[in-house]
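A quick write-up on the structure given underneath.
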Amino acid sequence: MRSVSAAALFTGEWPAMGSRSGLRAFLFALGLVLCGILGDVAWRHGLWGLLTGAMLAAFWLAALIGWEVAERRAPKVAVAAPEPGSAFALRLLLDALPTPLVAIEGSSARALNRAGRRLFATDDRIVPTPAALLDADAAYFGFEGRRWRIDRVEMRETGGPAALAALIDIEQEERAAEARAGAELIQILGHELLNGLSPIVSLAESGLAAADDPVLLREILGTLARRADGLQRFTASYRALARLPAPAIRPVRLADLAFDLSRLFAGRWPKVTLEVDVPEDLAWPLDRDQINQAVWALLQNAAEAAPADKDAAVCLRIQRAGAGLAVDVQDNGPGIPPDATRNIFRPFHTSKPDGSGIGLSLARQVATAHGGGLTLEPGVATIFRLWLPA
């Protein structure tokens, strides 16, 4: 079967092909790939409406595939006229998706669905084409005063490379993330404040009842003071997390940053080996103080997770990753249980008796303020990756 260009695929300009059933199979496969991309984006960013639409589209395509298989197995009979092509049905499905889709070929790009045509105010070809869409390494681009993320899928063809791109509205994602974060913080604050105030109220009532017993009253007041102090520390931690200033971006030599962190680490954990891997000439625009605080939180988390013996080791690795920068912190501890990974970035969540639960959350907030992120890499080893865009 001959290759079909990405533009021709969605405009209906089909070249002559020897197998109509092969074309339908290609369309079905492409549709399922696009559903998978949109479903993954929706799942990672909590866009449940888009996720539902992608799942329904995938089920519909699966049904068409089943019908296609059954049709092939059925006896061949002559028909008076062909039924509407599946390519037309697929184009209707893609046209209804709320995410702008773009086909990229060489130095040009085409809008593939209604959302894409509305975004670029075009019926087909995007003129002028934003340079970032044509750059295979670009992950973001600005258009009409808004910032978009490019989720790109490369396609190999006989006529040259082509790509399909889904454009994700970052502002919409941020609004959804802010709503989720706000609801989560309200839930956390309510839970923590109630947990802190309930024993204080109970102890105050007990203190009133024990007013005539100096020994018992002294014990009650001591416990009451410790509980009040704990509630004050929680409030201070929350203020530190909520009042993170905007980053002051300047070029920083990362070898110097890593050297300062390694000296602090050696003084704080002399029995834990720290391996540092960073190119001497690598520099990056960032807020040195904030990134220093974020990476220190990751190093502290790794040192506390490493085994409490002479083999305890932590690795700090800073390197380019595509068009961005990756800061990896790895420890040789027992790892994080799968059922605990959902809450590790949740503010004030901690499994340590004296922990505040804001280290990883603060590090992620610093990375987000720089336009990047913080993730726990999949695998047996525990590796936290703080990444920054170009």
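We're numbering straight along the sequence, starting at 1.
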When rounded to the nearest 0.5 angstrom, what distance separates [atom1] in [X] from [atom2] in [Y]?
{"X": "S108", "Y": "D124", "atom1": "OG", "atom2": "CG", "result": "9.5 Å"}
{"X": "L274", "Y": "R263", "atom1": "CG", "atom2": "CZ", "result": "13.5 Å"}
{"X": "R110", "Y": "L112", "atom1": "CZ", "atom2": "CG", "result": "9.5 Å"}
{"X": "R117", "Y": "L101", "atom1": "CZ", "atom2": "CG", "result": "10.5 Å"}
{"X": "H370", "Y": "Q365", "atom1": "NE2", "atom2": "CD", "result": "12.0 Å"}

Return the minimal non-hydrogen interatomic distance between [X] and [Y], and the atom names on each side.
{"X": "A390", "Y": "A323", "result": "CB-O, 3.0 Å"}
{"X": "Q293", "Y": "L362", "result": "NE2-CD2, 3.3 Å"}
{"X": "A111", "Y": "T122", "result": "CB-CG2, 4.2 Å"}
{"X": "F120", "Y": "P130", "result": "CE2-CG, 4.1 Å"}
{"X": "A363", "Y": "L374", "result": "CB-CD2, 3.8 Å"}
{"X": "N332", "Y": "P307", "result": "OD1-CD, 3.1 Å"}

Exercise for review: Please step through side-chain contact (heavy atoms from CB on, under 4.5 Å) for the pair L254 and V327, ending with a clear verdict.
Suggested key: CA-CA 10 Å; L254 298 177; V327 181; over 6 Å; no
Donor-acceptor contact present, side-chain [X] to main-chain [Y], <3.5 Å:
{"X": "D287", "Y": "P247", "answer": "no"}
{"X": "R152", "Y": "A139", "answer": "no"}
{"X": "D277", "Y": "L316", "answer": "no"}
{"X": "N113", "Y": "T99", "answer": "yes"}
{"X": "R385", "Y": "D328", "answer": "no"}
{"X": "D331", "Y": "A306", "answer": "no"}

Check your understanding: Per the side-chain contact (heavy atoms from CB on, under 4.5 Å) rule, which among L388, L386, I291 passes with L325?
Key -> L388
Review point. Should T382 and L376 be marked as a side-chain contact (heavy atoms from CB on, under 4.5 Å) after you check the CA-CA gap, both sets of side-chain angles, and the distance that decides it?
Key: CA-CA 7 Å; T382 300; L376 173 63; 4.1 Å; yes
Exercise for review: Assess the pair W296 and W269: is the distance between their ring centroids shorter than 6.0 Å?
Suggested key: yes
What I'd like to find out is whether the side chain of [X] reaches to under 4.5 Å of the side chain of [Y], using heavy atoms alone.
{"X": "F265", "Y": "V272", "answer": "yes"}
{"X": "L164", "Y": "V102", "answer": "no"}
{"X": "L261", "Y": "L299", "answer": "yes"}
{"X": "Y140", "Y": "W148", "answer": "no"}
{"X": "R364", "Y": "F384", "answer": "no"}

Point to revise | Pairs meeting criterion salt bridge (Lys or Arg N to Asp or Glu O under 4.0 Å) with involvement of residues 290-299, two or more places apart | key: none
Check your understanding: Got a salt bridge between R288 and D260, using NZ or NE/NH1/NH2 to carboxylate O under 4.0 Å?
Key -> yes
**Study point:** Salt-bridge criterion met for R317 and E275 (N-O under 4.0 Å)
**Key:** no
Review point. Are F143 and I126 connected, step by step, through hydrophobic side chains (Ile, Leu, Val, Met, Phe, Trp, Tyr) whose heavy atoms are closer than 4.5 Å?
Key: yes
Point to revise | Co-membership, hydrophobic cluster, residues W284 and V276, 4.5 Å side-chain | key: yes
Review point. Is it true that the side chains of E377 and T375 contain a donor and an acceptor less than 3.5 Å apart?
Key: yes
**Study point:** Ring-face cation contact, F141 with R147, 6.0 Å cut, 45° max
**Key:** no
Check your understanding: L167 and L119: side-chain contact (heavy atoms from CB on, under 4.5 Å), yes or no, with the steps?
Key -> CA-CA 10 Å; L167 308 181; L119 173 63; 3.9 Å; yes
Review point. Where do Q300 and L298 land on the side-chain contact (heavy atoms from CB on, under 4.5 Å) test, with the steps shown first?
Key: CA-CA 5 Å; Q300 176 175 290; L298 298 179; over 6 Å; no
